[in-house]
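Shown next, in structure tokens, is the structure this report addresses.
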Amino acid sequence: MNFEHNEITSQVTQMARDFAHQHIKPYVMEWDESQEFPVHVFKEMGKLGLMGVLVPEKWGGAGLTYFEYKAVIEEISKVCGSIGLSLAAHNSLCTGHILAFGNDEQKNKYLPKLATAEWIGAWGLTEPNTGSDAGNMKTTAIKEGDEWVINGTKNWITHGISGDLAVVMCRTGEPRSKNNSTAFLIERGTPGFSGGKKENKLGMRASETSEMIFDNCRIPDANRLGNVGQGFKQAMQVLDGGRISIASLSLGIAKGAYEAALKYAQERQQFDKPIASFQGISFKLADMATEIEAADLLTLQACDVKNKGGNVTKISAMAKYYASEVSVKVSTDAVQIFGGYGYTKDFPVEKFYRDSKLCTIGEGTSEIQKMVISREVLK
Ligand code: COS
């Protein structure tokens with residue numbers, strides 16, 4: 001299979017790379033230290049079409065394919081994983097859910113705002129006690145006349161405080177029964193909807209992660225996304241696509257860490273030679289390069305299947321699982337190659353190391369990916 005960039009993919013890649021170097025790189029450590037979520041950067045990315053990469057042009061998006069989407073997330077994440085993560089959550093989860101399951105009225109109303117970054121999107125599935133067991137959610141939506149009344153708390157939500165619009169999965173049937181949840185669109189400012197505690201995280205610190213709290217929050221039935229009872233299945237399909245973006249995020253981090261380590265290993269002299277001339281270091285670089293290449297090919301394969309409208313449940317879980325584990329391993333080895341300097345904030349690899357760990361957890365842990373993959377291969 002030929003996955004070489006065509007002209008459009010090359011141009012989009014260059015644009016994202018230029019943007020990352022000009023508008024993100026100088027501020028990465030400042031945002032990391034302060035845990036600032038730099039909303040203005042997302043507004044700028046909106047002007048370039050990066051906040052609606054997969055959204056058709058008629059709704060204000062860039063109308064591109066998963067190949068360009070992968071390239072964008074990767075280029076941004078080579079410089080800052082936090083910005084890559086927020087970009088992925090906005091594009092794949094909130095916007096992607098509406099694109100896949102919204103009716104025309106909902107698409108016309110919300111997609112142009114999201115694709116241009118006039119609004120930042122959030123997506124709420126996880127709760128304090130239902131992470132991997134996502135179907136067992138406690139947040140309820142109860143129908144009263146033509147309205148739904150929502151009560152409960154979502155957590156680990158990207159943009160839970162700053163998001164202008166949230167797609168939220170709520171239980172509308174009996175606990176543990178089939179088809180018992182439904183997706184809703186909830187706008188910021190709706191009475192009874194508020195952001196909660198912001199998490200103080202190991203990595204991905206410039207990407208806002210917080211609770212979303214619903215206290216007798218009333219929304220019209222027009223804000224229901226798709227049919228009653230389909231929320232969990234919709235969420236699973238959205239995550240099938242989202243996991244391609246986490247694979248791309250993982251790849252960006254791995255490539256950023258590898259490129260820094262490769263350069264350093266050729267410059268750093270010990271025993272009167274560059275450390276790259278020692279097998280202990282050069283074999284590490286060989287492993288890093290090989291594993292990145294393999295993760296890249298798996299992710300491209302997932303993009304290809306998704307572009308063709310195929311079922312990506314297995315391949316996206318494989319790509320996410322493998323690329324995220326590679327990301328942790330490569331960034332760990334990069335710190336090792338940098339030695340003591342790698343352990344300081346003067347060099348970028350300690351941040352890649354911290355950021356990479358989220359990739360094996362968010363949008364389903366590596367253990368959940370193995371569950372998804374094994375279920376598919378045993379079908
Ligand atoms: N696409 C479409 N439908 C799917 C699906 C998919 N990828 N995965 C499951 N479904 C459907 C199943 O076919 C089943 O339908 P029926 O009831 O008609 O048979 C239904 O959804 C329930 O599926 P299942 O029984 O497999 O659900 P489980 O409760 O066993 O959960 C896992 C399955 C563990 C895979 C799921 O809960 C999961 O992915 N958990 C992790 C969630 C996650 O990633 N959270 C992180 C969010 S961070 S943004």
Side-chain angles (χ1 to χ4, degrees), residues 73 82 84-97 100-101 120-139 153-160 163 166-183 199 201 204 207-212 225-250 302 305-306 309-321 324 357-379:
I73 303 270
S82 296
L85 174 64
S86 277
L87 195 61
H90 174 94
N91 274 278
S92 284
L93 301 181
C94 181
T95 309
H97 200 137
F101 297 106
I120 302 290
W123 191 77
L125 175 68
T126 304
E127 300 183 359
N129 293 311
T130 56
S132 294
D133 187 10
N136 191 24
M137 64 191 79
K138 304 283 182 284
T139 297
T153 300
K154 296 284 175 183
N155 78 342
W156 308 116
I157 307 305
T158 307
H159 318 146
V167 171
V168 184
M169 271 50 70
C170 303
R171 191 160 55 69
T172 47
E174 292 303 310
R176 292 285 183 203
S177 64
K178 254 174 124 53
N179 300 327
N180 69 356
S181 67
T182 305
E199 303 297 341
K201 309 192 300 289
M204 301 291 195
S207 177
E208 179 186 278
T209 309
S210 75
E211 292 175 321
M212 289 194 303
L225 259 175
N227 293 333
V228 172
Q230 293 303 299
F232 181 73
K233 285 182 187 169
Q234 289 178 7
M236 291 298 108
Q237 272 175 260
V238 169
L239 283 172
D240 282 348
R243 286 169 184 161
I244 299 175
S245 71
I246 303 301
S248 311
L249 166 67
S250 309
V305 177
K306 186 75 183 161
N311 183 327
V312 291
T313 302
K314 182 176 74 176
I315 190 74
S316 70
M318 285 176 164
K320 195 270 187 193
Y321 162 50
S324 63
K357 193 59 202 150
L358 182 275
C359 300
T360 68
I361 299 170
E363 295 201 29
T365 60
S366 289
E367 292 72 16
I368 286 294
Q369 306 313 316
K370 285 196 252 191
M371 200 167 142
V372 172
I373 297 161
S374 59
R375 282 183 184 187
E376 290 293 313
V377 299
L378 291 166
K379 255 182 187 169

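As the structure lists them, so they are numbered: ligands from 1, and atoms in each ligand from 1. All residue numbers refer to positions in the sequence shown, counting from 1.
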Exercise. For atom 32 (C) of ligand 1, is the nearest protein heavy atom closer than 4.0 Å?
Worked result: no
Problem set entry | Which of the ligand 1 atoms, numbered from 1, are nearer than 4.0 Å to a heavy atom of Thr126 | 47 (C)
For this session: Run down the list Gly131, Ala88, Gly135 and name the one with the heavy atom closest to atom 45 (N) of ligand 1.
Result: Gly131
For this session: State, to 0.1 Å, how close Cys359 and Ile246 come at their nearest heavy-atom pair, and which atoms those are.
Result: O-CG2, 3.9 Å
For this session: State, with a plain yes or no, whether a side-chain heavy atom of Lys233 is found less than 4.5 Å away from one of Asn179.
Result: yes
Problem set entry | Sub-4.5 Å side-chain heavy-atom contact between Thr153 and Glu127 | no
Exercise. Side chains of Ser250 and Lys320: does their closest heavy-atom pair fall under 4.5 Å?
Worked result: no
Exercise. So, is Arg375 polar-close to ligand 1, with some N/O to N/O distance under 3.5 Å?
Worked result: yes
For this session: Under 4.0 Å from a heavy atom of Met371: give me the atoms of ligand 1 that qualify, with their elements.
Result: 34 (C)
For this session: Of the side chain and backbone of Trp156, name the one, both, or neither that has a heavy atom under 4.0 Å from an atom of ligand 1.
Result: neither
Problem set entry | Student check: side-chain heavy atoms of Thr209 and Met204 closer than 4.5 Å | no
Problem set entry | Under 4.0 Å to a heavy atom of Lys178 - the qualifying atoms of ligand 1, by number | 16 (P), 17 (O), 18 (O), 19 (O)
For this session: Report, in ascending order of atom number, the atoms of ligand 1 lying under 4.0 Å from any heavy atom of Gln237.
Result: 1 (N), 2 (C)
For this session: With atom 49 (S) of ligand 1 as the reference point, say which of Lys233, Lys320, Glu363 has the nearest heavy atom.
Result: Glu363
Problem set entry | Heavy-atom check, side chain of Ser181 versus side chain of Met137, under 4.5 Å | yes
Problem set entry | Atoms of ligand 1, numbered as shown, that sit under 4.0 Å from any heavy atom of Val372 | 35 (C)
For this session: Please determine if Glu367 and Lys370 form a salt bridge, counting it only when a charged side-chain N lies under 4.0 Å from a carboxylate O.
Result: no
Problem set entry | ligand 1 atoms in contact with Asp240 (distance to a heavy atom under 4.0 Å) | 1 (N), 6 (C), 7 (N)
Exercise. Considering only heavy atoms from C-beta outward, does the side chain of Thr158 approach that of Leu93 to under 4.5 Å?
Worked result: no
Problem set entry | Contact atoms of ligand 1, heavy-atom distance to Thr313 under 4.0 Å | 7 (N)
Problem set entry | Heavy-atom side-chain proximity of Val372 to Arg243 below 4.5 angstrom | yes
For this session: Answer yes or no for atom 41 (C) of ligand 1: protein heavy atom present at a distance under 4.0 Å?
Result: yes
Exercise. For ligand 1, is there an N or O atom under 3.5 Å from any N or O atom of Gly364?
Worked result: yes
For this session: Using a strict cut-off of 4.0 Å, indicate which atoms of ligand 1 neighbour a heavy atom of Leu239.
Result: 43 (C), 44 (O)
For this session: Answer yes if the side chains of Ser86 and Ser207 hold a donor-acceptor pair under 3.5 Å, and no otherwise.
Result: yes
Exercise. Heavy-atom distance from atom 26 (O) of ligand 1 to the protein below 4.0 Å?
Worked result: yes
Problem set entry | Side chain proximity check, Phe232 to Met169, heavy atoms < 4.5 angstrom | no
For this session: Please determine if Ser132 has a nitrogen or oxygen closer than 3.5 Å to a nitrogen or oxygen of ligand 1.
Result: yes
Problem set entry | Geometric N/O contact Arg243 with ligand 1, under 3.5 angstrom | yes
